[in-house]
Amino acid sequence: MVWPLLYGPCSRTGLKGELMETFDWIVIGNGLAGAALSYELARLGLSVLLVDDGNADSATRCSYGGVAYWSGTDAITQELCEQGIKRHRQLSDELEAPTEFRELDLLLTFAPDVDGSRLEKQYGQFAIAPRLISAQEAHALEPQLKLDAIGGAFTIKHGHVNPLKTLEAFNQAFRRLGGQQMIASVTGLVRVKNRITGILTATQAYAAANVAVAAGGYSRKLLNAAQLSVPLYHTHAEIMALPQVEQSLRTLIMPAVASRFDAEATASAPATDSLWDGPPHKIAPPILDTGVIQFLDGSTYIGQISRFRTDLDTSLIDAAQSEASLRQGITAQLPCLANLPGHWRHCLVTFSRDDLPLIGPLPDIDGVHVFSGFTSPFAMLLPVARRFAQWVHSGQQQPSDALIEKMLVTRFTHA
Ligand SMILES: Cc1cc2nc3c(=O)[nH]c(=O)nc-3n(C[C@H](O)[C@H](O)[C@H](O)COP(=O)(O)OP(=O)(O)OC[C@H]3O[C@@H](n4cnc5c(N)ncnc54)[C@H](O)[C@@H]3O)c2cc1C
């Protein structure tokens, strides 16, 4: 297999012979994945075009922005978490713009009828294990919590950034490095025999030596349209965004038992894979994982409903009903959030089959990489983007970085 990684000065030959730029890289998607990757590629002196369709409801823009740097469970994820938190601690300085990084108390709450000690083993698997505390101790950390609504919680120091500010900081630094950014929907990849040579938008084609698909939950469909298949899956996630909350919340609250992981395992099982390319299919019932985060400006996200549907259609979702469920879930714990104005938001969240991201060149075709499927991306994505960029810039066909090698798409396609 040949994976040419062509660098050097930009050619001035367009797809149809007219004068136009050929980028070293085109990155599709300006979520956390595309923003960090495009920045890292530009940092290495490559010419990069970052294209995003401007959808305000991407997963990154709906995200809590929690940096779960304590959550490594094996050598790979522990190393990524350690490198990730190190980067976050100095990222505002590096990018010369605030990401609003801070550390706050995470509360993983559980219901009064749950025996918290039975969850301790599950939390003991993490590099830094969250500590079991009583409802009273949780209330001391978050005075807005209704004491009798929870049986207790697990707590740990959690990193936190403002996802929007982090995107802006990456984008500004990227443009300062000479990167070009464009708002346009990518309608297809330009395929010439066994090579992807660029992208198509409604109005124009853009040429590149390499295209990176970092389009989150839309990556699979985009690649499918070019007859390329990747084992990436998505959930439809829903939140309520409250623009201004006067009551101050000190903690990030999430459930100690997040139900969506089991459904994600079913959704990404090899036996289910073919359903993702067929007619719309409902894989599992929707799940509500009640949580809340308040940003430094007082805006607050209440989450999260996850729906396991293979299609991208949102018209079947009853937003009013979702809003009622989200509000009911959180006000049981935080009555201070009742009746505050807010609006419903929807996004797609992508994931892979084994919790590691899906990155690297696709097999049997040149010029196209995927960079998606991150679990806990705020904790782990930054070092992956840097190490991935270093590898592709090195010109080596195979990564010498053992960690990057473990994340390559080919771990599934060559199975
Ligand atoms: C409620 C909620 C809370 C979360 N909390 C956390 C958390 O605390 N910590 C954590 O680590 N993770 C969290 N996540 C997950 C995390 O936010 C996502 O996994 C991550 O943001 C995904 O980033 P991405 O860049 O891969 O995808 P996205 O952010 O979805 O970005 C993909 C981009 O590609 C664009 N795009 C798609 N198709 C096209 C096209 N054809 N042409 C051009 N552009 C296109 C989209 O508009 C989008 O901007 C949360 C997610 C949700 C929904």
Side-chain angles (χ1 to χ4, degrees), residues 26-38 49-69 71 80-81 84-85 88 104 106 158-164 166-167 170-171 181-189 199-202 206 211-223 225-226 232 234-241 252-254 258 260 264 288-293 295 301-307 312 326 345-352 355 357-359 370-382 384-385:
I26 291 176
V27 177
I28 306 172
N30 184 25
L32 186 67
L37 177 61
S38 56
L49 174 66
L50 172 62
V51 191
D52 189 86
D53 57 11
N55 179 358
D57 282 350
S58 68
T60 303
R61 291 172 183 87
C62 292
S63 177
Y64 295 162
V67 183
Y69 65 90
S71 68
L80 290 176
C81 283
I85 189 65
H88 275 292
L104 43 60
L106 173 66
H158 198 57
H160 186 250
V161 293
N162 181 317
L164 275 177
T166 304
L167 279 190
F170 267 121
N171 290 167
Q181 215 179 324
M182 183 172 79
I183 303 277
S185 182
V186 175
T187 52
L189 306 179
I199 60 161
L200 291 169
T201 68
Y206 296 84
V211 172
V213 179
Y218 301 89
S219 303
R220 183 173 180 135
K221 295 272 178 209
L222 196 57
L223 286 161
L232 275 176
H234 66 256
T235 53
H236 291 257
E238 297 165 63
I239 62 163
M240 284 297 298
L252 196 167
I253 297 179
M254 294 200 297
R260 71 176 182 282
E264 283 184 9
L288 170 64
D289 286 321
T290 295
V292 66
I293 178 66
F295 300 99
Y301 286 175
I302 296 170
Q304 141 186 25
I305 294 173
S306 302
R307 291 181 197 274
L312 306 181
L326 286 162
R345 291 176 66 176
H346 162 273
C347 65
L348 293 185
V349 182
T350 188
F351 57 94
S352 77
D355 290 342
L358 208 61
I359 65 175
V370 65
F371 195 77
S372 197
F374 288 82
T375 295
S376 215
F378 282 88
M380 302 188 212
L381 189 147
L382 270 48
V384 177

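Counting starts at 1 for both ligands and their atoms, following the listed order. Atoms considered below: every heavy atom in the structure, side chains included; atoms not considered: hydrogens, waters and symmetry mates.
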Visitor: Quick one: closest heavy-atom pair of Ala33 and Phe374, and the distance?
Guide: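 Scanning both residues completely, I find the closest heavy atoms to be CB-CE1, 4.4 Å.
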Visitor: Distances for all N or O pairs of ligand 1 and the protein under 3.5 Å?
Guide:
residue	atom	partner	partner atom	Å
ligand 1	5 (N)	Ser63	OG	3.3
ligand 1	5 (N)	Tyr64	N	3.3
ligand 1	8 (O)	Gly66	N	2.8
ligand 1	9 (N)	Gly66	O	2.8
ligand 1	11 (O)	Pro377	N	3.2
ligand 1	11 (O)	Phe378	N	2.9
ligand 1	17 (O)	Ala59	O	3.3
ligand 1	17 (O)	Ser63	OG	3.1
ligand 1	21 (O)	Thr60	N	3.2
ligand 1	21 (O)	Thr60	OG1	2.7
ligand 1	23 (O)	Thr60	OG1	3.2
ligand 1	25 (O)	Leu32	N	3.1
ligand 1	25 (O)	Ala33	N	3.0
ligand 1	29 (O)	Thr60	N	2.9
ligand 1	29 (O)	Thr60	OG1	2.5
ligand 1	30 (O)	Ala59	N	3.3
ligand 1	41 (N)	Val186	O	3.0
ligand 1	42 (N)	Val186	N	2.8
ligand 1	44 (N)	Asp53	N	3.1
ligand 1	47 (O)	Asp53	OD1	2.5
ligand 1	49 (O)	Asp52	OD1	2.6
ligand 1	49 (O)	Arg61	NH1	3.2

Visitor: Apply salt bridge (Lys or Arg N to Asp or Glu O under 4.0 Å) to Arg61 and list each qualifying residue two or more places apart in sequence or on a separate chain.
Guide: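 With neighbours one apart ignored, the set is empty.
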Visitor: Show your reasoning for whether side chain to side chain contact (heavy atoms under 4.5 Å, CB included) applies to Leu104 and Ile293.
Guide: CA-CA 11 Å; Leu104 43 60; Ile293 178 66; 4.2 Å; yes
Visitor: Is a side-chain N or O of Tyr64 found less than 3.5 angstrom from the main chain of Met254, in a donor-acceptor match?
Guide: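 Not a single qualifying donor-acceptor pair exists.
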Visitor: Can you confirm whether or not the ring centre of Tyr218 sits under 6.0 Å from the ring centre of His234?
Guide: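 No: the rings miss the under 6.0 Å criterion.
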Visitor: Carefully, step by step, assess Ser71 and Met380 under the rule side chain to side chain contact (heavy atoms under 4.5 Å, CB included).
Guide: CA-CA 10 Å; Ser71 68; Met380 302 188 212; 4.2 Å; yes
